[in-house]
Amino acid sequence: MIIGRSMGSGGGDQHVVIDYLKQMQAENPSFFYAIQCDGEQSNPNIFWADSSFRMNYSYFGDTVRLNTSYITHHFRVPLISITGLNHHGQPVLFGCGLLHYESDSAYIWLLQNWLHAMSENHPVSITTEPNHHIQMAVSQVLPQTRHRFCKWSILRETQQKLSHIYQTRPSFDNDFANCIHESVSLDKFESSWQSLLNKYSLINNEWLQSIYNVRHQWVPVYLQDTFFGELYPKIPEQTLNLFFDGHMDPTTSTQSLFKQYETATSYWNEMELKADFETTNTMPLLKTPSPMEKQAANLYTRRAFLKFQEELVETLANPATKLEDNGGFTTFRVAKFGEEQQKTQNISHIVRFNSFEMKSNCTCHMFEFSGIICRHVLSVFRAKNVLTLPSQYILKRWTRDAKRGGGMEEYGQELTNDSLNARYNSLRHEAIKYVEEGAKSICIYNVALDALQVASKKVSASKKQTIMVNNNGVVLNGEMNLGNGSQEMGYQSRHLKEKKIRELSAELDNTNKKCEVYRANLLAVLKDMEEQKLKLSVKVQNARLSLKE
């Protein structure tokens, strides 16, 4: 890619970024980047995404988070990240950018290029900071996506705007939190809000009026019917900033940005592998004799199962009371056992059960919001003797098989069953089984290690051959100038044969990296086994000596 204009005073740093993106695209032709130049600005806005971003998005692109906190807090590098949550509740990256100037058009440009890189597949929901530029961009680029403001940002700013109230009226903090978090219906929130304003004489407070006007974009009760993937919504979510936390700080320079970027990416890849291994190779402690709990333990990842288990255990304290029975349709009230009547009315939920289709809907909408079934519906299942979890309540994105088969959307010919995603997951699952077998004895370990070394050489040879084909011109480095701000792009659609070659290159690169991780794990396991074997040998020898004496 050639930049057709001067970079201004910050050009040196920007050329570091451009050179890195060029190198990434040379190594992986499916790497995507775009540049937006503005004649009045010295530095361009930049966006990039690689094939792993699109792969992650195909499985977990139902809800996304646009993190602009590094701009808000005036970090040296104006990094923007677009992330989601994988099946372990860990952050995964969908896109990155550097936004040197903020405007409606800049965010529109960013989201349009990100959506293009994701093959125009719109997410169900998006969470952002409460920023009017972002709000305009989301409404234009993602009109069907539910847009939520970060609740914790609004609560934090409320503490700043109303610091005098927090200091002079300590009870306000608890009352305000209860109004936001404990309202189980729209009517309950409205009445609690009005009571709060009256109690603290804040009816004419401009800040409270401004956040009330946008309540449908941040107050939980207005958003509970949309999927946001939060397993613990009452705990302050740090996932807007989490991916690069500990890797970025206000002093991080452009020169060191990509080193930190690669470190963060490697860290979360390793965290996912560890969570996969734990889920696959260990069994969680079951707390009930319910066959549904055992079923869930075998289906869900560990993180999702623990949330399901929490809800299942709570059914013991939340009995279902039948209100109406109309043939195959039954209505229940579910409330915490032992609460006084008035309080029970405030926290109870209504569940309607359809015995013909084995379906229930609850007024708490937890399943719609998080993808895990709630204690209220599970209490009704107990009352109706439903012993196993119906398939419609098992959201694939929370299962250990979330990355097998098709994802959220099949990206046309790029993500068919024999594509990069399917092959990647097949190889990974086979590799895990290979590690397990190889660790069983020193004899098998030696055979496994030899086989890995042979496989590694074959993969490297195949990769070199593919790179030679690419360098001979079969895969071209396509460029695109989009005009209107001198936008430049490094990605174009290609013929099916060229796509297959690119996918193979990315697959081989990923396989090499994963192979090294599994090899390291295997060596660690075998080292531990040898140490244990040595200790056992010493004990046996000591025992024999004792017997002789």
Side-chain angles (χ1 to χ4, degrees), residues 62-63 124-125 146 148 178 180-190 192 216 219-235 288 290 292-293 295-296 299-300 304-339 341-399:
D62 39 22
T63 184
V124 173
S125 62
R146 190 73 176 272
R148 179 180 69 164
N178 286 338
I180 302 305
H181 298 295
E182 303 302 330
S183 296
V184 297
S185 67
L186 301 182
D187 290 341
K188 176 61 178 174
F189 169 78
E190 295 292 347
S192 296
H216 58 285
V219 176
V221 73
Y222 287 91
L223 297 157
Q224 60 187 1
D225 61 346
T226 302
F227 183 79
F228 284 95
E230 291 179 5
L231 299 181
Y232 297 94
K234 291 184 181 180
I235 298 176
T288 75
S290 168
M292 190 180 291
E293 184 182 17
Q295 174 196 13
L299 287 171
Y300 287 127
F305 169 74
L306 291 177
K307 180 57 180 174
F308 171 83
Q309 185 182 58
E310 176 185 311
E311 296 300 308
L312 183 65
V313 170
E314 282 295 322
T315 62
L316 301 174
N318 287 268
T321 303
K322 187 186 297 184
L323 298 179
E324 182 181 359
D325 194 344
N326 184 16
F329 300 87
T330 312
T331 303
F332 293 85
R333 172 181 285 120
V334 182
K336 197 170 184 66
F337 182 79
E339 298 282 358
Q341 182 65 22
Q342 183 179 0
K343 190 173 182 181
T344 299
Q345 291 294 334
N346 289 336
I347 65 172
S348 64
H349 286 279
I350 302 300
V351 178
R352 293 179 175 84
F353 176 70
N354 180 342
S355 60
F356 296 116
E357 299 180 357
M358 299 298 290
K359 289 183 179 180
S360 289
N361 60 74
C362 179
T363 53
C364 81
H365 296 288
M366 178 178 159
F367 181 74
E368 291 83 356
F369 183 81
S370 70
I372 299 293
I373 198 167
C374 65
R375 62 194 64 180
H376 315 112
V377 172
L378 290 172
S379 289
V380 170
F381 283 171
R382 286 187 67 217
K384 300 295 288 186
N385 202 31
V386 178
L387 300 179
T388 58
L389 197 59
S391 60
Q392 60 264 32
Y393 293 107
I394 304 170
L395 199 64
K396 184 180 178 182
R397 64 112 58 234
W398 290 128
T399 69

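These numbers were taken from a predicted model, which means no experiment stands behind them.
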Inset, instruction - Run the salt-bridge test on K336 and E314 with the 4.0 Å N-O cut-off and return the result as yes or no. - result: yes

Legend entry - Closest heavy-atom pair and its distance - F369, L223: CD1-O, 3.7 Å

Legend entry - Smallest separation among heavy atoms of F367 and Q392, with atom names: CZ-O, 3.5 Å

Inset, instruction - Using the side chain to side chain contact (heavy atoms under 4.5 Å, CB included) rule, take R382 and V377 through it: C-alpha gap first, then chi angles, then the decisive distance, then the call. - result: CA-CA 9 Å; R382 286 187 67 217; V377 172; over 6 Å; no

Legend entry - E368 (side chain) donor-acceptor with D225 (main chain) under 3.5 angstrom: no

Inset, instruction - State whether the side chain of T315 and the backbone N or O of L312 hold a donor-acceptor pair below 3.5 Å, judged by distance alone. - result: yes

Inset, instruction - May I have the step-by-step check of side chain to side chain donor-acceptor pair (under 3.5 Å) for S125 and T63, ending in yes or no? - result: CA-CA 5 Å; S125 62; T63 184; 2.8 Å; yes

Legend entry - Distance, nearest 0.5 Å, that separates CG of N178 from NZ of K188: 9.0 Å

Inset, instruction - Could you tell me whether a side-chain N or O of T288 sits under 3.5 Å from a main-chain N or O of S290, the two making a donor and an acceptor? - result: yes

Legend entry - Ion pair E230/R148, N-O distance below 4.0 Å: yes

Inset, instruction - Mind checking the CZ-CZ spacing from F356 to F329? Nearest 0.5 Å is all I need. - result: 6.0 Å

Legend entry - Distance in Å, F353 CZ paired with M358 CE, rounded so as to fall on 0.5 Å steps: 4.5 Å

Legend entry - Test item: S348 side-chain N/O and A335 main-chain N/O as donor-acceptor pair under 3.5 Å: no

Inset, instruction - Kindly give the heavy-atom pair with the smallest separation between L231 and A304, and that separation in Å. - result: CD1-CA, 4.3 Å

Inset, instruction - Identify, with sequence neighbours excluded, every residue that meets side-chain hydrogen bond (donor to acceptor under 3.5 Å, both in side chains) alongside E190. - result: Y212, R215, Y222

Inset, instruction - Using modelled atom types only, decide if a donor and an acceptor are shared between the side chain of S192 and the backbone of F189 within a distance under 3.5 Å. - result: no

Inset, instruction - Run the numbers on W398 and I372 for side chain to side chain contact (heavy atoms under 4.5 Å, CB included), then give the verdict. - result: CA-CA 8 Å; W398 290 128; I372 299 293; 3.9 Å; yes

Inset, instruction - Quick one: pull up CG in D325 and OG1 in T331 and give me the separation to the nearest 0.5 Å. - result: 8.5 Å

Inset, instruction - Determine the minimum heavy-atom distance between P220 and I180, stating which atoms define it. - result: CD-O, 3.7 Å

Inset, instruction - Would you confirm whether Q295, through its side chain, and T388, through its main-chain N or O, come within 3.5 Å as a donor-acceptor pair? - result: no

Inset, instruction - With the side chain counted from C-beta on, respond yes when H376 and M366 share a heavy-atom pair under 4.5 Å apart, and no when they do not. - result: no

Legend entry - Pair T330-R352, side chain to side chain contact (heavy atoms under 4.5 Å, CB included): steps then yes or no: CA-CA 6 Å; T330 312; R352 293 179 175 84; over 6 Å; no

Inset, instruction - State, with a plain yes or no, whether a side-chain heavy atom of L389 is found less than 4.5 Å away from one of I373. - result: yes

Legend entry - V313 and F308: CA distance, side-chain angles, deciding distance, side chain to side chain contact (heavy atoms under 4.5 Å, CB included) verdict: CA-CA 9 Å; V313 170; F308 171 83; over 6 Å; no

Legend entry - Any side-chain heavy-atom pair of V124 and T226 under 4.5 Å: yes

Legend entry - Residues Q309 and E293: side-chain donor-acceptor under 3.5 angstrom: yes

Inset, instruction - Calculate, to the nearest 0.5 Å, the distance between atoms OG1 and CZ belonging to T399 and F305 respectively. - result: 14.5 Å

Inset, instruction - Over 60° means perpendicular and under 30° means parallel, so classify the ring planes of F381 and Y393, tilted if in between. - result: perpendicular

Legend entry - Expected output: side-chain T363 to main-chain I350 donor-acceptor under 3.5 Å: yes

Legend entry - For V386 against M292, the heavy-atom pair lying closest together: O-CE, 3.5 Å

Inset, instruction - For residues V184 and Q224, report the shortest heavy-atom separation together with the two atoms involved. - result: O-NE2, 4.4 Å

Inset, instruction - Measure the CZ-OG distance between F228 and S370 for me, rounded to the nearest 0.5 Å. - result: 12.5 Å

Legend entry - Counterpart residues, ring-ring contact (aromatic ring centres under 6.0 Å, His included), relative to H181 (two or more places apart): W152

